[in-house]
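Atoms within each ligand, like the ligands themselves, are counted from 1 in listed order.
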Amino acid sequence: MQIFKFGGASVKDANAIKNLAVVLKTVGFKNTMVVVSAMGKVTNAFEVVISNYFNKKSALQSSIQDIIKFHNEILFDLFDPDGYRDENHPAFKKVKLLFNELNNFLKVNKSPNYSFVYDQVVSYGELVSTTIISDYLNSIGIKNNWVDTRNFIKTDNFYRRANVNWEETQSAISSSLNTSALNITQGFLGSDPNNFTTTLGREGSDYTAAILAYCLNAQSVTIWKDVPGVLNADPRHFENAQLLNKISYKEAIELAFYGASVIHPKTLQPLQQKEIPLYVKSFLNPEEAGTTVGKGITLEPDTPCFIVKKNQVLISLSSLDFSYIVEENISEIFGLLHQHKMKVDLIQNSAISFSVCIDNIYNNLESLLQQLKAKFSVTCHENVSLYTIRHYNTSSIEQLEANKTVLLKQLTQETVQVITK
Ligand code: ADP
Ligand code: ASP
Ligand code: MG
């Protein structure tokens, strides 16, 4: 059994979907389970729908229509090659039914719970994409079954970031997933004890592939990307990024932890536990080796790896009464950070001062600062960049720091982190 995962970029339009079929034909699809994300930026578009549902009802229908139109164009490209815009292929009807179901949910829903509604709505991105792709593959002779992943991936009801119930998931998969056929299923989705839809967190389709691999004892997982594999830096932010041929699970976990957005952080642990290799490959050059993530592999090539997180906030505190930070104040500081849902990227302390670099995801900075100022002398830099280099050397640090103002630096044996303005 092998698991393939195709992300948003690999199914962003009709040509990309045709290319997905080419990938399957090129590398083979025996004993394969295919996990697919929503197309392109459709999840972001559904986030607008949800926001309109709660805050701007007047814009709700037009935001849904945008998404319907986007998928309709893809349906015409795939199933109406003569351009008569006839909607004869059954795929049109199936997609229409899904959008009717969505509209119906929005009409009858009484729940004011944003996260609950979010999951019920955003999931249509994956439901529609897999419906279209499964029908397209069947239409060109790649026979497959459309599988509803919500029947297999069981979670709690922590909507938007649901936790997998491994026992129930394992038992559902072992007892009723037919693995003899080619299966096409959704990434990112699960269902709670009452069978309401849940999601596993943004970019969670990689994690779905890992959950399925774990429960099926798969031989491998392949994530198909618009890059040649895992690179030693994000090519959007660094020139001359270099392909990493081989990396260990541990290294991949570290890179994901520090913010390399190429693999979802939760993906690695289930694979590592069963020593299932992860391949990250290019959907444009499917025969190239890409990156292999596996056990005990030394980094090849042995080169510094760069990660950047932009738009972070650096807060430095010192006690007003000269009390020692770690002994007397740290739990209160962390209490406030937790209360304001700040994601902590880095901390550094001395006797009477403390610096923390945070990701202000939920826009709670003002209130946090107000409360800190009651007790500490506070300086705050917004809009700073946090750079991390794994396996650094002198020249990589010099290269990074050139033309930047360094606000803070922290070195351990394998990792250096630099905050710059
Ligand atoms: P998907 O279509 O699977 O959701 P993403 O867009 O989430 O794919 O991830 C692919 C992108 O990740 C690449 O286009 C690249 O810009 C970015 N990226 C960030 N860090 C790395 C890295 N270290 N190696 C490769 N790509 C990276
Ligand atoms: N469609 C979801 C997202 O964009 C999940 C994924 O693509 O992995 O976050
Ligand atoms: Mg993605």
Side-chain angles (χ1 to χ4, degrees), residues 4-13 16-17 19-20 23 34-50 67 118-119 121-130 133 149 153 160-162 185-190 197-212 221-245 247 251-267 278-284 290-291 293 299 303-310 387-391:
F4 284 174
K5 179 258 174 173
F6 288 91
S10 69
V11 293
K12 69 178 186 332
D13 54 28
I17 294 166
N19 181 68
L20 181 156
V23 171
V34 175
V35 174
V36 186
S37 301
M39 294 176 178
K41 303 278 178 225
V42 162
T43 303
N44 294 357
F46 272 115
E47 288 188 339
V48 175
V49 170
I50 296 146
I67 299 177
Y118 181 102
D119 282 1
V121 172
V122 85
S123 48
Y124 282 91
E126 270 72 12
L127 294 171
V128 171
S129 76
T130 49
I133 290 161
T149 199
I153 302 216
R160 291 186 79 169
R161 224 175 13 180
T185 199
Q186 308 77 37
F188 184 45
L189 314 185
T197 304
T198 55
T199 63
L200 305 173
R202 284 302 308 263
E203 303 297 332
S205 296
D206 292 355
Y207 186 38
T208 302
I211 298 165
L212 293 171
V221 171
T222 307
I223 300 181
W224 297 97
K225 289 275 174 187
D226 60 355
V227 280
V230 179
L231 308 173
N232 75 327
D234 185 341
R236 290 171 298 190
H237 300 295
F238 296 85
E239 281 171 23
N240 308 322
Q242 202 183 342
L243 177 66
L244 303 175
N245 303 311
I247 62 175
E251 187 60 39
I253 290 168
E254 296 286 348
L255 293 176
F257 170 79
Y258 287 113
S261 59
V262 65
I263 306 172
H264 187 277
K266 279 184 169 174
T267 307
L278 169 67
Y279 304 115
V280 182
K281 295 192 189 206
S282 160
F283 56 72
L284 297 170
T291 300
V293 185
L299 187 63
T303 182
C305 298
F306 298 81
I307 301 137
V308 62
K309 282 186 157 182
K310 302 233 167 182
Y387 288 91
T388 304
I389 316 177
R390 297 268 304 157
H391 313 286

I would like to know whether Ile223 and Leu278 meet side-chain contact (heavy atoms from CB on, under 4.5 Å); could you show each step before the answer? CA-CA 8 Å; Ile223 300 181; Leu278 169 67; 3.7 Å; yes
From the candidates [options], the one that places a heavy atom nearest [atom]:
| atom | options | result |
| --- | --- | --- |
| atom 16 (O) of ligand 1 | Lys225, Lys12, Arg236 | Arg236 |
| atom 14 (O) of ligand 1 | Asp226, Leu243, Ile307 | Asp226 |
| atom 2 (O) of ligand 1 | Pro228, Ala9, Ser261, Ser205 | Ala9 |

For the residue pair Trp224 and Phe4, does the interplanar ring angle fall in the parallel (under 30°), tilted (30 to 60°) or perpendicular (over 60°) class? perpendicular
Parallel, tilted or perpendicular for Tyr387 and Phe238, by the 30°/60° rule? perpendicular
Under 3.5 Å donor-acceptor, Asn245 side chain and Thr291 backbone: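 Flag not set: sc Asn245 to bb Thr291 has no pair under 3.5 Å.
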Heavy-atom distances under 4.0 Å decide this one: backbone, side chain, both or neither, for Val227 against ligand 1?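 Side chain only.
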Proximity of Asp234 to ligand 1 by residue part, where a heavy atom lies under 4.0 Å: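 Near ligand 1, Asp234 shows its backbone as well as its side chain.
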Is there a nitrogen or oxygen of Gly8 sitting under 3.5 Å from a nitrogen or oxygen of ligand 1?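 Yes, since at least one N or O of Gly8 sits under 3.5 Å from an N or O of ligand 1.
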Does an N or O anywhere in Ser10 fall below 3.5 Å from an N or O of ligand 1?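 In this structure, Ser10 places no N or O atom under 3.5 Å from an N or O of ligand 1.
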Test side-chain contact (heavy atoms from CB on, under 4.5 Å) on Asp206 and Val221 and set out the steps. CA-CA 9 Å; Asp206 292 355; Val221 171; over 6 Å; no
In plain terms, say whether Arg202 and Glu47 are close enough for a salt bridge, that is, a side-chain N and a carboxylate O under 4.0 Å apart. yes
Can a salt bridge be assigned to the pair Asp119 and Arg160 using a cut-off of 4.0 Å between side-chain N and carboxylate O? no
Thr149 and Gln186 side chains, donor-acceptor separation under 3.5 Å: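 Thr149 and Gln186 do not have a side-chain donor-acceptor pair below 3.5 Å.
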Is there a heavy atom of Gly229 sitting under 4.0 angstrom from any atom of ligand 1?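 The answer is yes: ligand 1 sits under 4.0 Å from a heavy atom of Gly229.
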Distance check, rounded to the nearest 0.5 Å: Phe6 atom CZ versus Thr222 atom OG1?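 Here the rounded value is 8.5 Å.
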Numbering as shown, the atoms of ligand 1 that approach Lys5 to under 4.0 Å (heavy-atom distance): 3 (O)
Contacting atoms of ligand 1, where contact means under 4.0 angstrom from a heavy atom of Gly7: 1 (P), 2 (O), 3 (O)
If you apply the rule side-chain contact (heavy atoms from CB on, under 4.5 Å), what do you find for His391 with Leu299, and how did you get there? CA-CA 10 Å; His391 313 286; Leu299 187 63; 3.5 Å; yes
Shell of residues surrounding ligand 2, defined by a 4.0 angstrom heavy-atom cut-off that is strict: Ser37, Ala38, Thr43, Glu126, Phe188, Arg202, Glu203, Gly204, Ser205
Tell me which protein heavy atom sits closest to [atom], plus the residue, atom name and distance to 0.1 Å.
| atom | value |
| --- | --- |
| atom 21 (C) of ligand 1 | Val262 CB, 3.6 Å |
| atom 24 (N) of ligand 1 | Leu231 N, 2.9 Å |
| atom 4 (O) of ligand 1 | Glu203 OE1, 3.4 Å |

Checking side-chain contact (heavy atoms from CB on, under 4.5 Å) for the pair Glu126/Ser37: CA distance, chi angles, key distance, verdict? CA-CA 5 Å; Glu126 270 72 12; Ser37 301; 3.9 Å; yes
If you look at Glu203, which of its N/O/S atoms is nearest to the Mg ion (ligand 3)?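 Looking at Glu203, the N, O or S atom with the least distance to the Mg ion (ligand 3) is OE1.
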Taking the side chain as C-beta and beyond, is there a heavy-atom pair between Thr185 and Leu212 under 4.5 Å?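 Touching, per the 4.5 Å side-chain cut-off.
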Are any of the side-chain heavy atoms of Phe283 and Asn19 separated by less than 4.5 Å?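 When only atoms from C-beta onward are counted, Asn19 and Phe283 do touch, with a gap below 4.5 Å.
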